[in-house]
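Index from 1, following the sequence. All values reported here derive from a predicted model rather than from experimental measurement.
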Amino acid sequence: MKLDIHTFTVTLPNWTAAFLQSRPVTYPTIEDRMRLAIELSRLNVERRSGGPFGAAVFDNQNGNLISVGVNVVVASRCSQAHAEMTAIALAQQTLSTHNPASKGTFQLVSSCQPCAMCLGAIGWSGMKSLVCGARGEDAEAIGFDEGAKPAEWVKELEKRGIEVTLDILHAEAKAVLNAYKSTNGIIY
């Protein structure tokens, strides 16, 4: 085994680039943005490229798409490669800053409420709002471990100046989770 302490790479599935070429650049409504996150999660399941989670970062002023993320934990052999984490990391790379808030107001849209790890990252990510589709209990119902989160996690983010909107297209987002379970997708 070669020890490589100088490189850390997580790559989105190849299909994401072609998919994005066929999509608009601007997503004016919160529902449009959530439809994109859900579609990413659905395609990730259908193409067996990762878990049933999708996320995207948008410029909240004009609705422009900045980055997308899907869950690639198994494929990347990296427990941190959740959809929210990959979308945030790619947004920071695209914007050339660890703190997107220094360049505008950005919104993270996720097909599911954040797990404990993603919740922590969102607080330090530079995002100014979070929009969620499915609920944490929907992910837990199919076997995912969402970790220990404060009962008042929404209020905790709001204390940090991050606006939170829940249950946008909830049924559609939950359906992707259930489809993943029906395909015997890996639960980790």
Side-chain angles (χ1 to χ4, degrees), residues 10 12-58 60 63 65-76 79-88 90-91 107-119 121-122 127 129-147 149 151 153-154 157 163-188:
V10 173
L12 293 181
N14 289 336
W15 61 261
T16 56
F19 169 74
L20 290 173
Q21 288 177 350
S22 68
R23 305 294 300 179
V25 174
T26 303
Y27 294 78
T29 70
I30 198 169
E31 292 82 8
D32 294 334
R33 297 171 193 184
M34 182 57 70
R35 280 186 196 93
L36 177 65
I38 293 170
E39 184 68 3
L40 288 162
S41 67
R42 185 186 65 75
L43 288 169
N44 213 32
V45 170
E46 287 179 2
R47 298 185 183 198
R48 296 191 167 277
S49 50
F53 305 98
V57 173
F58 299 90
N60 210 26
L65 177 64
I66 304 301
S67 69
V68 300
V70 293
N71 182 290
V72 288
V73 167
V74 174
S76 65
S79 62
Q80 299 165 335
H82 289 199
E84 299 95 330
M85 302 288 277
T86 58
I88 290 167
L90 288 169
Q107 179 178 71
L108 174 65
V109 177
S110 178
S111 65
C112 190
Q113 291 176 0
C115 69
M117 176 181 65
C118 294
L119 176 63
I122 291 165
M127 298 296 117
S129 67
L130 169 66
V131 178
C132 304
R135 300 176 186 150
E137 54 262 28
D138 298 329
E140 289 174 341
I142 68 164
F144 282 97
D145 179 359
E146 296 298 281
K149 295 191 308 191
W153 66 269
V154 170
L157 286 180
E163 179 184 338
V164 179
T165 305
L166 303 175
D167 294 332
I168 300 300
L169 303 179
H170 173 253
E172 293 92 331
K174 182 178 176 181
V176 175
L177 295 172
N178 292 330
Y180 185 73
K181 181 174 174 105
S182 73
T183 66
N184 295 316
I186 298 171
I187 304 292
Y188 41 85

Which heavy atom in [X] sits nearest to a heavy atom in [Y], and how many Å separate them?
| X | Y | result |
| --- | --- | --- |
| Met85 | Ala121 | SD-CB, 3.3 Å |
| Leu40 | Gly69 | CD1-O, 4.3 Å |
| Ser110 | Ala37 | C-CB, 4.4 Å |
| Glu84 | Gln113 | OE2-O, 4.1 Å |

Do [X] and [Y] have side chains that get closer than 4.5 Å, going by heavy atoms?
| X | Y | result |
| --- | --- | --- |
| Val25 | Leu65 | no |
| Cys115 | His82 | yes |
| Thr86 | Val70 | no |
| Leu12 | Phe19 | no |
| Ile168 | Val109 | no |
| Arg135 | Asp167 | yes |

Name all pairs fulfilling the ring-ring contact (aromatic ring centres under 6.0 Å, His included) condition that reach into residues 30-58, sequence neighbours left out, sorted by first residue then second. Tyr27-Phe58, Phe53-Phe144
Distance check, rounded to the nearest 0.5 Å: [X] atom [atom1] versus [Y] atom [atom2]?
| X | Y | atom1 | atom2 | result |
| --- | --- | --- | --- | --- |
| Ile187 | Glu140 | CD1 | CD | 12.0 Å |
| Ile66 | Leu90 | CD1 | CG | 12.0 Å |
| Ile88 | Ile122 | CD1 | CD1 | 5.0 Å |
| Leu108 | Cys132 | CG | SG | 7.5 Å |

Summary of side chain to side chain donor-acceptor pair (under 3.5 Å) pairs that have at least one residue in residues 33-45, sequence neighbours excluded: Asp32-Arg35, Arg33-Asn60, Arg33-Gln107, Glu39-Arg42, Arg42-Glu46, Asn44-Ser49
Expected list for residues 169-180: side-chain donor-acceptor pairs under 3.5 angstrom, two or more places apart:
{"unit_1": "His170", "atom_1": "NE2", "unit_2": "Asp138", "atom_2": "OD2", "d": "2.7"}
{"unit_1": "Tyr180", "atom_1": "OH", "unit_2": "Ile186", "atom_2": "N", "d": "2.9"}
{"unit_1": "Tyr180", "atom_1": "OH", "unit_2": "Ile186", "atom_2": "O", "d": "2.6"}

Spell out, as yes or no, whether a donor-acceptor pair under 3.5 Å connects the side chain of Lys149 to the backbone of Pro114. yes
Heavy-atom count check: over 12 atoms from other residues, nucleotides or ligands less than 6.0 Å from Arg48 CZ? no
